[in-house]
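Structure, as structure tokens:
Order of appearance sets the numbers: ligands from 1, and atoms from 1 within every ligand.
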Amino acid sequence: MRALRMVDLVTQYEKLKPEIDRAVLGVMEAAAFINGPEVQSFQKELEGYMDVEHVIPCANGTDALQIAMMALDLQPGDEVITASFTYIATAEVIALLRLKPVLVEVDPHSFLIDPEAVRKAITPRTRAIVPVHLFGQCAPMDELLSIAHEHGLFVIEDTAQAIGCTHRGAEGARRAGTIGHIGCTSFFPSKNLGCFGDGGALFTRDAALADRIRRIANHGQSQRYYHDDIGVNSRLDSIQAAILRIKLRHLDTYTQARQAAAARYDAAFSGHSGIEIPARVHWSDHVFHQYTLKLTPGVRDGLQAHLNTLGIPSMVYYPVPVHLQKAYVQADAGDRFRNTEQLCAQVISLPMHTELDDEQLDFIIDSTLQYLNQSTPA
Ligand SMILES: *Cc1c(COP(=O)(O)O)cnc(C)c1O
């Protein structure tokens, strides 16, 4: 059996090696490293795939979120609502810009931001909502958009974990990241569309906003050496773009491979009294950036140790919610985050990637069930 990894980028690369090596060498031979033709082509191809008017590539997903908030002209003290159960980057850029992160609860089954909690968190200073399409499934965008509309708020989608996912809502079928005012994604190597380093992009349908985003990502520059805005230096480099062009062509096949692995996990785990399989929401596909189980209290850490002794990697996304992180601790949290705190204690993510075969999946499944059946009643 091939070695188990949370994400098997080695095997994936082996299959694409001739194509990728040729593309990377091509960039080196042309020496067009920054904003070269590969970046332009990738932008166009991703616009086509996403069915969105404007893709603006940038250096990473965290920058994408920061640039989005700068482009919407959010000001110090403005409140931005996001989920406490997320990767830190979402809240980090809010705080970095001296905006106020207002953290809210998630649904205990889908792990997605709870629209009722968002509604309750709105104050006269609220300017934006940042839904996170966590683990590969869209947040409840129709409800969030109607709340945003009612209160005049911006919606910035964090779609770092959900590229390739489709949302089916009031506006019809749309790609995750093209539903709100701005979508932000990451091409970190382990994401569903990953490059061989750092990369990211922003999506918008609004031409004026796209211009402003493009300017801010490039030192606020309107033409060379003329700076209309305070900006940042955040570019996708040509080597990464060349790799992403190739991998974009495989993205739908990769998504299907993830969904097939998830279906095999589901079939084995559903109905087990100690395991809650990942809930599917009716308004979204699930592209399984992570396959995350919720276990009965008290067994997670033992299972993880057991899997580890068998050479099966697993991860806890996320062990500590944002509202309990030292830099972000919210003194008045009370029991507002009961679901989030339970999830942090009870979830485990199993290997999920594009290269899992049935032998590997069955070994992970059997080892998991073997442990849980001796520590919880089946
Ligand atoms: C990965 C990730 C980011 C940040 O992306 P980087 O490219 O690593 O900066 C932001 N939000 C979420 C939810 C992520 O998973």
May I ask you to list the atoms of ligand 1 that are less than 4.0 angstrom from any heavy atom of A89?
4 (C), 10 (C)
For atom 11 (N) of ligand 1, grab the closest protein heavy atom and report residue, atom and distance to one decimal in Å.
D158 OD2, 2.7 Å
Apply ring pair (Phe, Tyr, Trp, His ring centres under 6.0 Å) to Y13 and list each qualifying residue two or more places apart in sequence or on a separate chain.
F196
For Y254, ring pair (Phe, Tyr, Trp, His ring centres under 6.0 Å) partners two or more places apart:
H250
Would you call R5 and E355 a salt bridge, using N to O less than 4.0 angstrom?
no
Can you tell me which portion of N60 lies within the under-4.0 Å heavy-atom range of ligand 1? Options are side chain, backbone, both, or neither.
both
Salt-bridge contact E105-R336 (side-chain N to carboxylate O under 4.0 Å):
no
Sub-3.5 Å N/O-N/O distance, D63 and ligand 1:
no
Do ligand 1 and Q161 have nitrogen or oxygen atoms that lie under 3.5 Å from each other?
yes
side-chain hydrogen bond (donor to acceptor under 3.5 Å, both in side chains) with Q43: which of E45, Q40, E47?
E47
Flag if over 12 foreign heavy atoms under 6.0 Å of CZ, R98:
no
Between H289 and F135 (judged by ring centroids, cut-off 6.0 Å), do the two rings come close enough to count as a pair?
no
Is G61 in polar range of ligand 1, meaning some N or O pair under 3.5 Å apart?
yes
To which protein heavy atom is atom 3 (C) of ligand 1 closest, and what is the distance rounded to 0.1 Å?
Y87 CD2, 3.7 Å
Atom 4 (C) of ligand 1: the protein heavy-atom neighbour that sits closest, reported with distance to 0.1 Å:
T62 OG1, 3.5 Å
Does D198 reach ligand 1 with a nitrogen or oxygen that is under 3.5 Å from one of the ligand's nitrogen or oxygen atoms?
no
Checking heavy atoms under 4.0 Å, the part of V132 that sits near ligand 1 is side chain
Backbone, side chain, both or neither: what part of K191 comes under 4.0 angstrom of ligand 1, heavy atoms only?
side chain
Decide yes or no for D198 and F187: does some side-chain heavy atom of the first lie under 4.5 Å from some side-chain heavy atom of the second?
no
